[in-house]
Amino acid sequence: MASTIGWIGLGRMGEAMVKRLLKAGHKVSVWNRTAAKAAPLLEYGATIAGSKQELAACDVVFTMVSTTDDLKEVLFGEGGLVAGNTRPKVVVDSSSISQEGSAEIRARLESLGVDYLCTPVSGNAKVAKAGKLLTVSSGPRALYDKVEPYLQAMARKVMWVGEGELARVWKIAHNTMFGVIIQNLCEITVLAEKAGIPRHVFLESINDSVLGSMYTKYKTPMLTNLTFDQVTFTPKLLLKDMDLGMAAAKAYGVAMPSAAATRESVSRLVGRGHDNIDFAVLLTETAKDAGLEMKPENVKMSDGLES
């Protein structure tokens, strides 16, 4: 196991995952474009790097950024992680990016003598904080075995799905389903409420049925009380992932009609200016289309993440 871990990208997910590593006793040095976001990790024992290249001496560096271009920039751009003479042994990326972009990055890193593992995750920041993430990795199996102890510190379950970029395909499929489920959950919740079933009662019943999941449970408090300002994932990020899903479907010749319809619905959210707000705002937009004005129910609901 490496003596030091580096981490680039402290969004909602990154910060929560670093805290899990630190609580497990690992030494972690972090860098974030907005340095102020790294400061709260000091009290957990993190070291804040002044530049990305300061992390190049680490044996393993995790990256978690928004897009393929963002990942290329932090790795290969001016002052990038591998742009200097010193480079880490391993880069583990947990971003949601395309299969093609990931393959290009793998080739460039390996040409520089840096091993590369794709490790996207399932869950949001609250799930990460609760230690209930799922991580799915692809790349050389021997490399995965070396990194696995760090993944186990952050997740309830870790998996290796194969070589190359297969974990990217998994993540694209996962987030496409992510969008389709919230679309359908919002539609049926509007239907139930307009017919007269209290929203919190309906959501509780779905969670306790065969259709309930960790996902429906942790979205229930937000859908009940319309707390969309407590952002876990924005419409713009969901649209990016739905577009990746549709591109993959085209590449592999797979018809995905429900995903295609959901993609257009999410695009409408973005077009209406829903930016720094949770994608679950889809609920109130769906209600408006049905002539229903939703109001917060102010009912305390479990998110299913309590230990």
> Relative to the ring of Y144, is the ring of W160 parallel (under 30°), tilted (30 to 60°) or perpendicular (over 60°)?
Replying inline: tilted
>> To check you understand the geometry: which heavy-atom pair defines the closest contact between S96 and K240, and what is its length?
In response: O-NZ, 2.8 Å
> Is there a side-chain contact between L226 and L283, using heavy atoms and a 4.5 Å cut-off?
Replying inline: yes
> Rounded to the nearest 0.5 Å, what separation is found between the CG atom of L81 and the CZ atom of R87?
Replying inline: 10.0 Å
> From T63 OG1 over to L75 CG, what is the distance, rounded to the nearest 0.5 angstrom?
Replying inline: 6.0 Å
> With sequence neighbours excluded, what pairs up with D145 under the side chain to side chain donor-acceptor pair (under 3.5 Å) test?
Replying inline: R141
> Nearest heavy-atom pair of V136 and A167: which atoms, and what distance?
Replying inline: O-CB, 3.6 Å
> How are the rings of Y215 and F279 set to each other: parallel, tilted or perpendicular (split at 30° and 60°)?
Replying inline: tilted
> If we only count heavy atoms from C-beta on, is the E285 to K288 side-chain gap below 4.5 Å?
Replying inline: yes
> Just by distance, do the side chain of T176 and the backbone of I172 share a donor-acceptor pair under 3.5 Å?
Replying inline: yes
>> Which heavy atom of E163 sits nearest to which heavy atom of G139, and what is that distance?
In response: OE1-O, 3.3 Å
>> side-chain contact (heavy atoms from CB on, under 4.5 Å), that's the test. Do W170 and M159 meet it? Break it down for me.
In response: CA-CA 11 Å; W170 176 87; M159 298 180 67; over 6 Å; no
> How long is the gap from CD on E100 to CD on E104, to the nearest 0.5 Å?
Replying inline: 10.5 Å
> Are M256 and M177 connected in a single hydrophobic cluster, I mean Ile/Leu/Val/Met/Phe/Trp/Tyr linked by side-chain heavy atoms less than 4.5 Å apart?
Replying inline: no
> If you look only at pairs with a residue in residues 46-55, which of them pass as a side-chain hydrogen bond (donor to acceptor under 3.5 Å, both in side chains), with sequence neighbours excluded?
Replying inline: none
> Are V90 and I97 connected in a single hydrophobic cluster, I mean Ile/Leu/Val/Met/Phe/Trp/Tyr linked by side-chain heavy atoms less than 4.5 Å apart?
Replying inline: no
> How about T262 and F178: do any of their side-chain heavy atoms sit closer than 4.5 Å?
Replying inline: no
>> Donor-acceptor check, side chain of R168 to backbone of C118, threshold 3.5 angstrom: yes or no?
In response: no
> Side chains of S95 and D93: do they bring a donor and an acceptor to under 3.5 Å?
Replying inline: yes
> Yes or no on side-chain contact (heavy atoms from CB on, under 4.5 Å) for F62 and L55, after CA distance, side-chain angles and deciding distance?
Replying inline: CA-CA 10 Å; F62 285 81; L55 301 180; over 6 Å; no
>> Run E15 and K37 through salt bridge (Lys or Arg N to Asp or Glu O under 4.0 Å) and show every step you take.
In response: CA-CA 8 Å; E15 180 183 8; K37 289 186 177 181; over 6 Å; no
>> Tell me whether E297 contacts the main-chain N or O of P198 through its side chain, where contact means a donor paired with an acceptor under 3.5 Å.
In response: no
> Quick one: does F233's side chain get under 4.5 Å of N175's, heavy atoms only?
Replying inline: yes
> Between NZ of K219 and OG1 of T232, what distance do you get to the nearest 0.5 Å?
Replying inline: 3.5 Å
> Are Y44 and W31 in one and the same hydrophobic cluster, where Ile, Leu, Val, Met, Phe, Trp and Tyr link if side-chain heavy atoms are under 4.5 Å apart?
Replying inline: no
>> Strictly distance-based, threshold 3.5 Å: is any side-chain N or O of S209 a donor or acceptor partner for the main-chain N or O of I206?
In response: yes
> So do the side chains of K194 and L191 get within less than 4.5 Å of each other, counting heavy atoms only?
Replying inline: no
> Of the non-hydrogen atoms in V30 and V28, which two are nearest, and what is the gap between them?
Replying inline: CG1-CG1, 3.9 Å
>> Taking the side chain as everything from C-beta on, heavy atoms only, tell me whether D241 gets closer than 4.5 Å to L237.
In response: no
>> Whether the side chain of S302 engages the backbone of G304 through a donor-acceptor N/O pair (distance < 3.5 Å, no angle test) should be reported.
In response: yes
> Just wondering, are more than 12 heavy atoms of other shown residues or ligands nearer than 6.0 Å to CD in E293?
Replying inline: no
>> Are the side chains of S137 and V158 in contact, using a 4.5 Å heavy-atom criterion?
In response: no
> So does R272 have more than 12 non-hydrogen atoms from other groups sitting under 6.0 Å from CZ?
Replying inline: yes
>> Donor-acceptor check, side chain of W7 to backbone of G9, threshold 3.5 angstrom: yes or no?
In response: yes
> Which heavy atom in S66 sits nearest to a heavy atom in D70, and how many Å separate them?
Replying inline: CB-OD2, 3.4 Å
>> Whether the side chain of R12 engages the backbone of N124 through a donor-acceptor N/O pair (distance < 3.5 Å, no angle test) should be reported.
In response: no
> Does D208 CG have over 12 foreign heavy atoms under 6.0 Å away?
Replying inline: yes
> Cluster question for you: counting only ILVMFWY and a side-chain heavy-atom cut-off of under 4.5 Å, with indirect links fine, are V201 and V299 together?
Replying inline: no
> What's the verdict on side-chain contact (heavy atoms from CB on, under 4.5 Å) for Y218 and K126, showing C-alpha distance, side-chain angles and the deciding distance?
Replying inline: CA-CA 9 Å; Y218 77 60; K126 292 181 70 176; 6.0 Å; no
>> With a 4.5 Å cut-off on side-chain heavy-atom distances among I, L, V, M, F, W and Y, is there a chain of contacts connecting V169 to L244?
In response: no
> Are any non-hydrogen side-chain atoms of T216 and L211 less than 4.5 angstrom apart?
Replying inline: no
> Sub-3.5 Å donor-acceptor pair from the side chain of T234 to the main-chain atoms of D275, do we have one?
Replying inline: no
>> Using 0.5 Å steps for rounding, measure from the CZ atom of R106 to the OH atom of Y116.
In response: 6.5 Å
>> Which heavy atom of I277 sits nearest to which heavy atom of P235, and what is that distance?
In response: O-CD, 3.1 Å
> For the side chain of T284 and the backbone of V281, is there at least one donor-acceptor N/O pair under 3.5 Å apart?
Replying inline: yes
>> My understanding is that only residues two or more places apart in sequence, or in another chain, count here; which of them pass side chain to side chain donor-acceptor pair (under 3.5 Å) with R199?
In response: E193
> Does the side-chain contact (heavy atoms from CB on, under 4.5 Å) test come out yes or no for I188 and F202, once each step is laid out?
Replying inline: CA-CA 9 Å; I188 63 173; F202 178 73; 3.9 Å; yes
>> Rounded at 0.5 Å granularity, tell me how far NZ in K157 sits from CG in L151.
In response: 13.0 Å
>> Please evaluate residues K146 and D59 with respect to the criterion salt bridge (Lys or Arg N to Asp or Glu O under 4.0 Å), reporting the C-alpha separation (whole Å), side-chain torsions for both, the decisive distance (0.1 Å), and the verdict.
In response: CA-CA 11 Å; K146 291 179 182 179; D59 286 334; over 6 Å; no
> So, does S138 use its side chain to make a donor-acceptor pair with the main chain of G164 at under 3.5 Å?
Replying inline: yes
